[in-house]
Amino acid sequence: MMISAASRPPLIISTEPSHVDLHRLKDLYAACNISGHRLRREGAAEPVDPRKLRIAVANSFVVVSVFCRPIDSSSSGAFIQRMLPLTHWNGELVGFGRASSDSSLTASIHDVMVRFRRLSFSSLLKTLAKMLVVVV
């Protein structure tokens with residue numbers, strides 16, 4: 001199902017590590033069924049330790065976070081929420097990726113995840129790759 005550009009929600013892409021709320025990132029890991037363990041058992045992923053997330057984000061060369069306006073129109077504050085500009089504070093974390101690099105020859109991309117159906121995995125990966133090229 002294709003969604004027209006007019007019906008896509010506004011997105012904010014941030015490369016600022018301070019914009020990453022570790023608890024919302026932990027929820028994104030859970031929603032995407034991604035574990036912090038290399039070898040995990042079948043079934044639902046174990047929750048990721050927020051302390052480990054903090055260390056991973058702090059030691060990353062590039063961090064890309066994607067925020068979208070929440071689609072909860074049932075709440076009483078939904079009208080006011082739609083009128084406010086979208087920021088990383090009031091947006092929903094719908095995508096994340098990070099990269100490490102030696103700043104010379106090698107970079108590796110980690111933890112790329114997308115929760116939102118209207119945001120494609122490939123668009124987040126392309127954005128992360130562009131950020132690596134710009135920074136290096």
Side-chain angles (χ1 to χ4, degrees):
M1 175 178 146
M2 284 300 285
I3 297 174
S4 70
S7 66
R8 289 185 188 143
L11 298 173
I12 289 181
I13 299 173
S14 172
T15 58
E16 182 61 44
S18 65
H19 290 174
V20 179
D21 178 339
L22 298 178
H23 295 290
R24 292 200 295 178
L25 182 56
K26 178 182 171 187
D27 293 342
L28 183 62
Y29 268 82
C32 294
N33 200 26
I34 295 178
S35 173
H37 303 287
R38 283 182 181 233
L39 302 172
R40 68 179 180 95
R41 296 187 184 103
E42 299 264 339
E46 296 176 26
V48 179
D49 185 354
R51 293 173 294 169
K52 289 183 179 181
L53 284 178
R54 181 174 18 89
I55 293 168
V57 169
N59 292 320
S60 295
F61 188 69
V62 174
V63 173
V64 177
S65 304
V66 181
F67 300 91
C68 179
R69 190 174 305 283
I71 304 183
D72 183 18
S73 59
S74 61
S75 68
S76 59
F79 176 76
I80 295 171
Q81 188 75 355
R82 283 193 308 267
M83 296 297 120
L84 294 173
L86 179 60
T87 66
H88 65 278
W89 294 110
N90 65 3
E92 177 185 359
L93 181 64
V94 295
F96 180 80
R98 63 185 188 88
S100 57
S101 174
D102 60 11
S103 299
S104 179
L105 295 174
T106 307
S108 56
I109 297 175
H110 306 276
D111 304 328
V112 177
M113 59 192 100
V114 177
R115 174 177 21 195
F116 205 63
R117 279 188 278 174
R118 295 179 214 168
L119 177 67
S120 71
F121 180 80
S122 63
S123 67
L124 181 63
L125 197 56
K126 287 176 189 174
T127 301
L128 185 59
K130 286 178 187 176
M131 297 299 172
L132 270 175
V133 171
V134 169
V135 173
V136 176

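If you're wondering where the values come from, they're calculated on a predicted model, not measured in any experiment.
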Could you state the interatomic distance from CD (Glu92) to CD1 (Ile12), rounded to the nearest 0.5 Å? 13.0 Å
Leu25 and Val57: side-chain contact (heavy atoms from CB on, under 4.5 Å), yes or no, with the steps? CA-CA 10 Å; Leu25 182 56; Val57 169; 4.1 Å; yes
Considering all heavy atoms of both residues, which atom of Arg98 and which atom of Ala56 are nearest to each other, and what is their separation? NH1-O, 3.6 Å
Partners meeting side-chain contact (heavy atoms from CB on, under 4.5 Å) with Asn59 (sequence neighbours left out): Ile55
Atom NE2 of His23 and atom CG of Leu93: how far apart are they, to the nearest 0.5 Å? 13.5 Å
Let me see the working for Phe61 and Asp102 under side-chain contact (heavy atoms from CB on, under 4.5 Å), right down to the final yes or no. CA-CA 9 Å; Phe61 188 69; Asp102 60 11; over 6 Å; no
Find the distance between NE2 (His19) and CZ (Arg24) and round it off to the nearest 0.5 Å. 11.0 Å
Check salt bridge (charged side-chain N to carboxylate O under 4.0 Å, His left out) between Asp27 and all other residues, then give those that pass, not counting sequence neighbours. none
Quick check for you: to the nearest 0.5 Å, what is the distance between Phe96 atom CZ and His110 atom NE2? 11.0 Å
In Å, rounded to the nearest 0.5 Å, how long is the span from CG of Asp21 to NZ of Lys26? 11.5 Å
How would you list, by chain and number, every residue that makes a side-chain hydrogen bond (donor to acceptor under 3.5 Å, both in side chains) with Ser18, sequence neighbours excluded? Glu16
Of all the heavy-atom pairs spanning Thr87 and Phe67, show the shortest one and how long it is. O-CB, 4.5 Å
Nearest heavy-atom pair of Ser101 and Thr106: which atoms, and what distance? OG-O, 3.1 Å
For Ser65 versus Val20, what's the shortest heavy-atom pair and its separation? OG-CG2, 3.2 Å
If I take atom CG from residue Asp111 and atom CD1 from residue Ile34, how far apart are they, to the nearest 0.5 angstrom? 7.0 Å
